[in-house]
Trainee: 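Quick one: the structure is below, questions incoming.
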Amino acid sequence: MYSIAELRKRAEEVREGLRRRYLDPGEVDQLLEVDTRRRALAEEVNGLRARRNTAAHRRPEGGTAPSAEERVEMGALRERIRVVETQLEAIDAELRTRLLLLPQAPHASVPPGRTGADAVELYRHVPTRTTPTQAKPHFEIGHALNLLDEERGVKVTGEGFYFLWGDLARLEHALIRFMRRLHHSRGYIEVAPPILINSESMLGTGQLPKFAEDSYQVKLDELWLAPTAEVPVTNLFRDEVFLPEDLPYRLMAYTPCFRREAGGHGVETRGIARVHQFDKVELVNFTLPEHSYEQLEVLREDAEAVLKGLDLPYRVINLAAGDLPPKAAKCYDLELWAPGSNRWLEVSSVSNFEAYQATRANIRYRKVQSERPEPVHTLNGSGTALARLLVAILENYQTEDDRVEIPAVLREEMGGAKHLEPNPLVGERELARGRHPKRGRDAQAAASASG
RNA sequence: GCUGAGGUAGCCUAGCCCGGUAAGGCGCCAGCCUUGAAAGCUGGUGGCGGCGACGCCACGGGAGUUCAAAUCUCCCCCUCAGCGCCA
């Protein structure tokens with residue numbers, strides 16, 4: 001977000017930013033007009049209060065009590081002040097809300113365009129391995145091996161929740177350890193943050209006020225379930241001042257993430273590509289404004305290192321101005337190719353928010369001790385999101401004989417195993433459906449022998 | 001959850017009972033002094049508006065009483081201590 005002072009200085013730049021986002025640049029002028037009215041009203045309150053103060057202060061300690069006439073006059077002044085103050089509060093609130101909702105101007109290197117289709121592909125990684133020509137969707141493989149269980153997730157919690165069983169649960173933990181180890185070696189300091197968040201923090205990173213319906217709320221305690229570790233980790237330094245020589249701060253956090261994904265149903269929600277709870281390793285970067293675009297590239301490379309390490313097919317896209325989240329000035333998405341689902345899956349979003357979050361959350365640095373602190377730039381990137389990573393592994397690492405290979409970098413973590421083992425525990429119901437892995441294989445073998 | 005003590009400028013503290021322009025220290029910045037530094041001395045050091053003179057705001061947050069609120073009343077938040085509960 002822009003402070004009103006910043007907006008006055010950079011009005012044309014912000015107007016152009018709105019145009020590039022296909023939004024009405026007139027919002028800037030309306031904001032400036034509200035600001036002018038606010039200042040006029042503030043001056044009026046100012047003058048009235050000055051009158052009250054001089055009258056009150058004129059009376060020295062132990063002085064005479066005011067006359068009845070003066071009491072009446074001052075009482076009337078007090079009421080007048082209250083009326084104008086109420087008007088000022090209303091216009092203050094309007095100004096604040098409009099500033100909170102004003103998007104960040106896209107950076108010059110952001111491509112033009114309105115939708116996801118206008119994004120520019122920057123890079124495509126082709127893995128060294130090959131996958132079956134007729135790759136199956138991850139949920140088919142997951143069900144066949146009895147490792148993925150959405151049905152009971154729905155029973156225990158609701159739509160969009162799932163259980164991972166056995167080797168798939170172990171694989172998820174192996175991935176988390178792999179990613180944390182990788183980022184640690186690249187210089188990130190790990191933090192383990194709270195995942196219940198207060199509203200002020202949600203406002204600080206931009207989840208509020210506009211995107212309240214995207215997150216789960218714990219009403220009784222006025223808390224929110226973090227939709228991403230970006231929220232607690234960025235707010236870690238809310239209302240604080242950095243020493244410039246310490247920057248950049250590069251932090252990593254592994255947390256579960258919770259998203260309501262309201263309205264997101266249909267074909268694309270089969271399996272676990274789009275769920276309400278997933279784990280993620282998040283990278284957060286606090287930097288000097290003059291270095292934030294270098295840091296964006298560093299962050300992108302750090303996120304890519306995960307996908308390269310796993311040797312998964314992916315591409316990097318530079319989001320078009322009109323498709324950019326309001327808080328971002330520039331955003332790269334890393335998308336994995338899922339051959340079984342025949343689509344690209346976003347597993348990482350790497351963004352430079354410039355001073356958008358730092359202004360809201362009051363995160364600053366002070367270059368010279370005698371000068372007032374300035375907002376830092378904040379950036380973050382997923383490094384990376386689970387669930388979708390599992391989707392990609394299940395679909396890319398499946399073999400012709402319907403097994404799933406374990407990526408080389410995870411094998412040590414998986415006790416040296418080369419393939420995922422089916423979950424042997426099945427209930428009566430699964431047996432009745434012929435889903436027992438052993439029976440399933442026998443049945444398949446029998447079918448192919450007879451056919 | 002109960003009881004008690006607290007929340008004042010970047011930090012530490014006085015003022016609160018008994019209403020009357022928020023005092024002092026540390027730190028920091030600048031100047032003087034000095035070969036340089038330290039010490040010492042002087043000044044400055046929250047936010048908003050204004051070219052400026054200056055004015056307003058700010059004592060955890062909100063509401064109220066009053067000519068006038070850091071100070072009185074009510075509600076709420078947070079911290080600490082003791083007790084209770086608890087993985």
Side-chain angles (χ1 to χ4, degrees), chain A residues 1-11 31-100 192-204 208-209 217-224 232 235-247 256 286 355 358-376:
Chain A
M1 105 185 238
Y2 299 92
S3 68
I4 188 64
E6 197 72 6
L7 186 68
R8 277 185 225 131
K9 266 187 267 172
R10 301 167 59 186
L31 250 159
L32 293 175
E33 197 267 327
V34 172
D35 177 45
T36 306
R37 279 193 288 135
R38 196 201 69 87
R39 277 192 279 175
L41 209 50
E43 274 310 302
E44 190 180 345
V45 174
N46 204 324
L48 291 170
R49 287 204 278 227
R51 272 173 61 194
R52 180 185 61 188
N53 287 347
T54 37
H57 296 157
R58 200 187 298 136
R59 202 172 309 286
E61 194 169 355
T64 54
S67 67
E69 197 177 279
E70 194 177 348
R71 278 166 203 260
V72 171
E73 193 186 318
M74 295 305 289
L77 180 61
R78 183 173 63 216
E79 291 317 308
R80 173 88 185 114
I81 289 172
R82 272 181 199 179
V83 170
V84 187
E85 271 176 347
T86 305
Q87 293 170 14
L88 181 62
E89 273 162 32
I91 203 163
D92 259 339
E94 186 190 344
L95 187 69
R96 183 171 158 70
T97 304
R98 294 183 99 124
L99 284 172
L100 282 169
I195 43 180
L196 280 174
I197 309 291
N198 63 31
S199 295
E200 212 176 330
S201 295
M202 292 287 279
L203 196 78
L208 294 179
Q217 189 172 16
V218 182
K219 279 235 160 107
L220 205 55
D221 293 290
E222 294 178 57
L223 295 171
W224 302 78
N235 280 282
L236 179 57
F237 298 105
R238 180 148 50 81
D239 295 320
E240 295 199 27
V241 178
F242 288 108
L243 294 175
E245 58 265 38
D246 287 350
L247 296 172
F286 302 85
T359 301
R360 294 171 165 246
N362 195 29
I363 306 169
R364 299 173 298 171
Y365 73 101
R366 199 196 302 266
K367 263 221 163 120
V368 181
Q369 184 71 41
S370 57
E371 283 174 14
R372 46 182 301 193
E374 294 289 328
V376 296

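Basis for what follows: all heavy atoms, side chains included, without hydrogens, waters or symmetry-related copies. So you know, we letter chains A, B, ... as the sequences are listed, proteins then strands, and number each from 1. Just so we're clear, the structure is a prediction, and the values are computed from it rather than from any experiment.
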Trainee: CZ of A:R366 versus P of B:G10: gap in Å, rounded?
Mentor: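 After rounding, the reported distance stands at 9 Å.
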
Trainee: Quick one, which residues of residues 73-85 of chain A touch RNA chain B with a heavy atom under 4.0 Å?
Mentor: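 Under 4.0 Å from RNA chain B: A:M74, A:R78, A:R82.
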
Trainee: For B:G27 versus B:C12, give the span between their C1' atoms, rounded off to a whole number of Å.
Mentor: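 Each nucleotide's C1' atom is 10 Å from the other's.
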
Trainee: Name all residues meeting the side chain to side chain donor-acceptor pair (under 3.5 Å) criterion together with A:T359; count only those two or more places apart in sequence or in a different chain, and write none if there are none.
Mentor: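 Testing A:T359 for side chain to side chain donor-acceptor pair (under 3.5 Å), a comparison that skips the adjacent residues, returns none.
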
Trainee: Grab the CG-P distance between A:L243 and B:G27 for me, whole Å please.
Mentor: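 The answer, rounded to whole Å, is 18 Å.
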
Trainee: Could you tell me which non-hydrogen atom of A:L208 sits nearest to which non-hydrogen atom of A:S199, and how far apart they are?
Mentor: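 It is CD1-O, 3.7 Å.
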
Trainee: Got a sec, which residues hit side chain to side chain donor-acceptor pair (under 3.5 Å) with A:N362, two or more places apart in sequence or on another chain?
Mentor: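 Partners of A:N362 under the side chain to side chain donor-acceptor pair (under 3.5 Å) test: A:D239, A:R364.
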
Trainee: Distance between the C1' atoms of B:C59 and B:G52, in whole angstroms?
Mentor: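 Taking atom C1' in both B:C59 and B:G52, they lie 30 Å apart.
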
Trainee: Has A:R52 got a side-chain N or O lying under 4.0 Å from the OP1 or OP2 atom of B:C57?
Mentor: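 True: A:R52 side-chain N/O within range (under 4.0 Å) of B:C57 OP1/OP2.
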
Trainee: For RNA chain B, just give me the dot-bracket, please: Watson-Crick or G-U, both distances below 3.5 Å, ( ) intra-strand, [ ] crossing earlier pairs, | paired with another strand, . unpaired.
Mentor: ((((((((.[[[..)....(...]]]((((((.......))))))((((....))))..[[[[[..)....]]]]])))))))....

Trainee: Flag the pair A:L236 / A:P193 as yes when at least one side-chain heavy-atom distance between them is below 4.5 Å, and no otherwise.
Mentor: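 A side-chain contact under 4.5 Å is absent here.
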
Trainee: Using the side chain to side chain contact (heavy atoms under 4.5 Å, CB included) rule, take A:E222 and A:N198 through it: C-alpha gap first, then chi angles, then the decisive distance, then the call.
Mentor: CA-CA 7 Å; A:E222 294 178 57; A:N198 63 31; over 6 Å; no

Trainee: To the nearest angstrom, how far is A:R49 atom CZ from B:U21 atom P?
Mentor: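 From A:R49 CZ to B:U21 P: 19 Å.
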
Trainee: Residues in side-chain contact (heavy atoms from CB on, under 4.5 Å) with A:A361, at least two apart?
Mentor: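 Per chain and number, A:A361 pairs via side-chain contact (heavy atoms from CB on, under 4.5 Å) with A:N235, A:R238, A:I363.
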
Trainee: Which atom pairs link the protein and nucleotides 70-77 of chain B when you take only N or O atoms and keep those under 3.5 Å?
Mentor:
none

Trainee: Rounded to whole Å, please give me the gap between CG in A:L7 and C1' in B:C48.
Mentor: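 To the nearest whole Å, that distance equals 17 Å.
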
Trainee: Please name the pair of heavy atoms, one in A:P375 and one in A:Y365, separated by the smallest distance, quoted to 0.1 Å.
Mentor: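 Heavy-atom minimum between the residues: O-CE2, 3.5 Å.
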
Trainee: Any side-chain N or O of A:R8 under 4.0 Å from OP1/OP2 of B:G49?
Mentor: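 It does, given that an N or O in the side chain of A:R8 lies less than 4.0 Å from OP1 or OP2 of B:G49.
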
Trainee: Pick the C1' atom in B:C2 and in B:G55, then give their distance to the nearest Å.
Mentor: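 48 Å, rounded to whole Å.
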
Trainee: How long is the gap from CG on A:L100 to CZ on A:R360, to the nearest 0.5 Å?
Mentor: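 It comes to 4.5 Å.
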
Trainee: Can you name the residues that form a ring-ring contact (aromatic ring centres under 6.0 Å, His included) with A:F286, not counting sequence neighbours?
Mentor: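 With neighbours one apart ignored, the set is A:F237, A:F242.
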
Trainee: Using the P atoms only, state how far B:C56 lies from B:A38, rounded to an integer number of Å.
Mentor: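 My reading of the P atoms in B:A38 and B:C56 gives 40 Å.
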
Trainee: Could you state the CD-C1' distance from A:E89 to B:G62, rounded to the nearest angstrom?
Mentor: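 One finds 11 Å between C1' of B:G62 and CD of A:E89, rounded.
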
Trainee: How long is the line joining CZ of A:R71 and P of B:A68, in whole Å?
Mentor: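 Distance, rounded to whole Å: 10 Å.
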
Trainee: Rounded to whole Å, how long is the line connecting atom CG of A:L32 with atom P of B:G49?
Mentor: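 In whole Å, B:G49 P lies 13 Å from A:L32 CG.
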
Trainee: By a strict heavy-atom criterion of less than 4.0 Å, which residues belonging to residues 35-47 of chain A are in contact with RNA chain B?
Mentor: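 Those residues whose heavy atoms fall under 4.0 Å from RNA chain B, taken from residues 35-47 of chain A in numerical order, are A:R38, A:R39, A:E43, A:N46.
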
Trainee: Measure the CG-CG distance between A:L196 and A:L223 for me, rounded to the nearest 0.5 Å.
Mentor: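 Rounded to the nearest 0.5 Å, the CG-CG separation comes to 5.5 Å.
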
Trainee: Using 0.5 Å steps for rounding, measure from the CZ atom of A:R10 to the OG atom of A:S3.
Mentor: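 Interatomic distance, A:R10 CZ to A:S3 OG, rounded to 0.5 Å: 9.0 Å.
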
Trainee: Provide the distance between the two P atoms, one in B:U71 and one in B:U3, to the nearest whole Å.
Mentor: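 Looking at atom P only, B:U71 and B:U3 are 24 Å apart.
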
Trainee: Once you round it to whole Å, what is the distance between C1' of B:C56 and CG of A:L88?
Mentor: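 Going from CG in A:L88 over to C1' in B:C56 covers 11 Å.
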
Trainee: Using the side chain to side chain donor-acceptor pair (under 3.5 Å) criterion, which residues pair with A:R78? Sequence neighbours excluded.
Mentor: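 Listed in chain order: nothing, the list is empty.
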
Trainee: With sequence neighbours excluded, tell me which residues meet side chain to side chain donor-acceptor pair (under 3.5 Å) with A:R37.
Mentor: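 Expected list: A:E33.
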
Trainee: Using the P atom as the reference point in each nucleotide, state the distance between B:A69 and B:G49 in Å, no decimals.
Mentor: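 Straight-line distance between the two P atoms is 25 Å.
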
Trainee: Using the C1' atoms only, state how far B:U73 lies from B:G19, rounded to an integer number of Å.
Mentor: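 It works out to 13 Å between them.
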
Trainee: Looking at A:N53, does any N or O in its side chain come under 4.0 Å of the phosphate oxygens OP1/OP2 on B:C56?
Mentor: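 True: A:N53 side-chain N/O within range (under 4.0 Å) of B:C56 OP1/OP2.
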
Trainee: Name all residues meeting the salt bridge (charged side-chain N to carboxylate O under 4.0 Å, His left out) criterion together with A:E240; count only those two or more places apart in sequence or in a different chain, and write none if there are none.
Mentor: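 Per chain and number, A:E240 pairs via salt bridge (charged side-chain N to carboxylate O under 4.0 Å, His left out) with no residue.
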
Trainee: Enumerate donor-acceptor pairs with a distance under 3.5 Å from any side-chain N or O in residues 82-98 of chain A to protein atoms, sequence neighbours excluded.
Mentor:
from, atom 1, to, atom 2, distance (Å)
A:E85, OE2, A:R49, NH1, 2.5
A:T86, OG1, A:R82, O, 2.7
A:D92, OD1, A:R38, NH1, 3.4
A:E94, OE2, A:R98, NH1, 2.7
A:T97, OG1, A:A93, O, 2.8
A:R98, NE, A:E27, OE2, 3.0
A:R98, NH2, A:E27, OE1, 3.1
A:R98, NH2, A:Q30, OE1, 2.7

Trainee: Taking atom P in both B:A87 and B:C77, compute the distance separating them and give it to the nearest angstrom.
Mentor: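 Comparing P positions in B:A87 and B:C77 gives a spacing of 26 Å.
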
